[in-house]
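Below: the structure, in structure tokens.
A note on names: the letters A, B, ... follow the listed sequences, proteins ahead of strands, and every chain is numbered from 1.
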2 protein chains.
Amino acid sequence: MELKRGTDGEKGFEKVFAFLRERLLAGSLKPGDRLISERELATLLGVSRPIVREALRALTVLGIVEIRDRIGTVVTRPDVSVLNDFFTFALAQQADMLDDVMQARVAIECQAIRLACERANIADFERLQRALAKIGETIDEADAGGLADFDFHRAIVVASHSETLTVLHSSMAGLLTHSHRSRRELVQAFPSMKTYLIDDHRRIFEAIIARDPERADATLRKHFAIGDEYRRRAVVGDVDKTSASG
Amino acid sequence: MELKRGTDGEKGFEKVFAFLRERLLAGSLKPGDRLISERELATLLGVSRPIVREALRALTVLGIVEIRDRIGTVVTRPDVSVLNDFFTFALAQQADMLDDVMQARVAIECQAIRLACERANIADFERLQRALAKIGETIDEADAGGLADFDFHRAIVVASHSETLTVLHSSMAGLLTHSHRSRRELVQAFPSMKTYLIDDHRRIFEAIIARDPERADATLRKHFAIGDEYRRRAVVGDVDKTSASG
DNA sequence: GTCAGCATACTGGTCTGACCAAGATCAGAC
DNA sequence: GTCTGATCTTGGTCAGACCAGTATGCTGAC
């Protein structure tokens with residue numbers, strides 16, 4: 001990595017950032033710790049306060065520290081929001097990335113569901129069941145339905161008890177909700193989707209209950225594939241109730 | 001999202017950040033564009049220059065813009081380094097996260113290999129083949145061997161032609177190299193690993209050549225599982241040449 | 001002795017204005 | 001028309017200042 005040893009060579013910002021990074025990585029600065037004040041840091045490193053603020057702000061957007069007004073700067077546990085921001089920006093500038101992100105989402109979820117089969121506990125099962133029920137109840141509503149769909153999938157990832165997977169998954173949350181919602185809007189055009197949505201999710205749920213990773217993965221994968229298929233058909237205007245297309 | 005409409009309410013930093021974020025997300029600021037100068041931005045938004053710098057610095061660490069000394073600030077294509085930084089920091093503070101990250105790595109790679117089966121071209125095949133050969137050549141070297149191993153796996157992800165997967169994968173590169181290297185050190189203790197390493201990678205390669213996603217995924221997954229198994233046995237000192245354990 | 005209340009030191013949040021070094025630009029010399 | 005150099009502009013940084021609240025501790029009342 002480009003972890004330059006920061007004795008003196010760097011410019012102001014780099015110096016402060018490297019200084020803090022070292023402590024952070026070495027563990028001498030742990031979550032919960034309060035940093036010394038901006039002024040002290042400035043004099044300590046021989047830079048001006050604005051520079052210190054730049055470094056602190058940088059760490060803030062990275063979710064490493066939190067600047068509390070009139071309190072001080074404290075080290076926080078790494079947060080998701082960074083990835084969220086990143087994906088948000090990245091996506092805005094490359095719309096074609098959306099399909100890519102969906103692939104990543106599939107990757108995360110399929111791995112999560114395998115872990116979920118091993119690690120899920122009663123609470124996870126209950127959460128999944130509730131989400132499943134909600135999907136059935138909101139099948140005709142685009143907004144609520146999309147949310148229920150999203151909740152179910154999130155419940156899968158949560159059940160994996162893997163923080164990293166959860167973080168990655170939720171970092172794509174913004175995009176996923178869009179996707180889920182638009183999928184629900186397709187329900188109007190594709191009545192057959194209702195069965196697909198309900199049955200698929202139920203089958204996925206059952207596979208987790210059965211603690212069968214292979215089946216769960218395969219079912220989930222198929223679920224995504226069918227969703228893609230519907231979306232493709234929607235694009236070409238091939239609706240199953242032979243209505244007019246755009 | 002917390003995309004507050006930034007007319008005036010926010011504090012200085014938020015105001016500038018929100019202002020730029022809007023342009024970035026709306027697409028009026030595209031990669032390659034040069035922002036107006038810090039001074040102009042400051043007067044335009046009614047804040048001081050240090051504040052503007054904070055916002056620009058924040059965007060910099062997010063990999064959205066690049067501040068070029070004495071040139072100006074330009075919008076860049078979203079970069080991996082953010083995720084790299086994030087994972088680096090996150091991992092430093094939660095060592096237990098490493099296993100989690102490995103799970104994410106498996107997720108990414110298994111998805112990537114499926115895509116690779118569909119999308120890989122001749123160049124990808126050749127890259128894989130070269131990496132495979134390298135693995136055979138460097139089987140007795142810890143460093144070079146670890147690198148060759150890593151290259152092969154990266155080649156898989158590259159062959160998926162999915163930028164997001166590639167980004168995610170390489171963001172975990174730092175950790176993966178460690179993992180690959182320590183695995184190679186195990187080779188000393190487990191002579192049987194040589195066969196495992198070479199044969200497994202070859203089987204993976206063949207599955208991609210055959211363009212069989214299911215087989216490729218399954219083989220890769222098994223590959224990881226066996227690696228885990230070796231690592232577990234190493235921890236408990238169960239070496240296959242009945243040598244002394246630590 | 002205890003506790004409320006206020007003064008003060010300290011913190012982040014921000015601004016102003018200034019200086020430096022070097023790329024960018026354009027006028028003027030050739 | 002081209003080349004060169006002064007000037008403008010840009011980022012990089014600093015110093016010092018003010019504000020608004022927090023935290024602390026001292027003081028005085030009880």
So, Thr138(B) side chain and Glu141(B) main chain: donor-acceptor pair closer than 3.5 Å or not? no
Output all residues satisfying ring pair (Phe, Tyr, Trp, His ring centres under 6.0 Å) with Phe89(A), sequence neighbours left out; order by chain, then residue number. none
Ile204(A) side chain reached by His223(A) side chain, heavy atoms, under 4.5 Å: yes
Note: Phe152(B) and Ile135(B) closest approach over all heavy atoms is CB-CD1, 3.7 Å
With a 4.0 Å limit, can you tell me whether Thr73(A) has a side-chain N or O closer than that to the phosphate oxygens OP1/OP2 of dG12(C)? yes
Rounded to whole Å, the CZ-C1' distance (Arg49(B) to dG16(D)) equals 17 Å
With a 4.0 Å cut-off on heavy atoms, is Arg68(B) in touch with a base, just the backbone sugar-phosphate, or nothing at all? sugar-phosphate
Phe13(B) atom CZ is separated from dC15(C) atom P, nearest whole Å, by 13 Å
Between Ile51(B) (CD1) and dT13(D) (P), how many Å, whole number? 16 Å
If you check the Ile71(B) side chain, which of dG23(C), dG11(D), dT14(C) turns out closest? dG23(C)
From CD of Glu14(B) over to C1' of dG12(C), roughly how many Å is that when rounded to an integer? 14 Å
Donor-acceptor under 3.5 Å (Arg34(A) side chain, Val74(A) main chain): no
How many whole angstroms separate atom CD of Glu54(B) from atom C1' of dG12(C)? 10 Å
Considering only dT13(D), dG12(C), dA22(C), which nucleotide approaches the side chain of Asp69(A) most closely? dG12(C)
Consider the side chain of Arg70(A), meaning its heavy atoms from C-beta on, and name the nucleotide among dA17(D), dT22(D), dA15(D) that approaches it most closely. dT22(D)
Can you classify the ring geometry of His153(A) versus His201(A) as parallel (below 30°), tilted (30 to 60°) or perpendicular (above 60°)? perpendicular
Residues from residues 28-44 of chain B sitting under 4.0 Å of DNA chain C, heavy atoms only? none
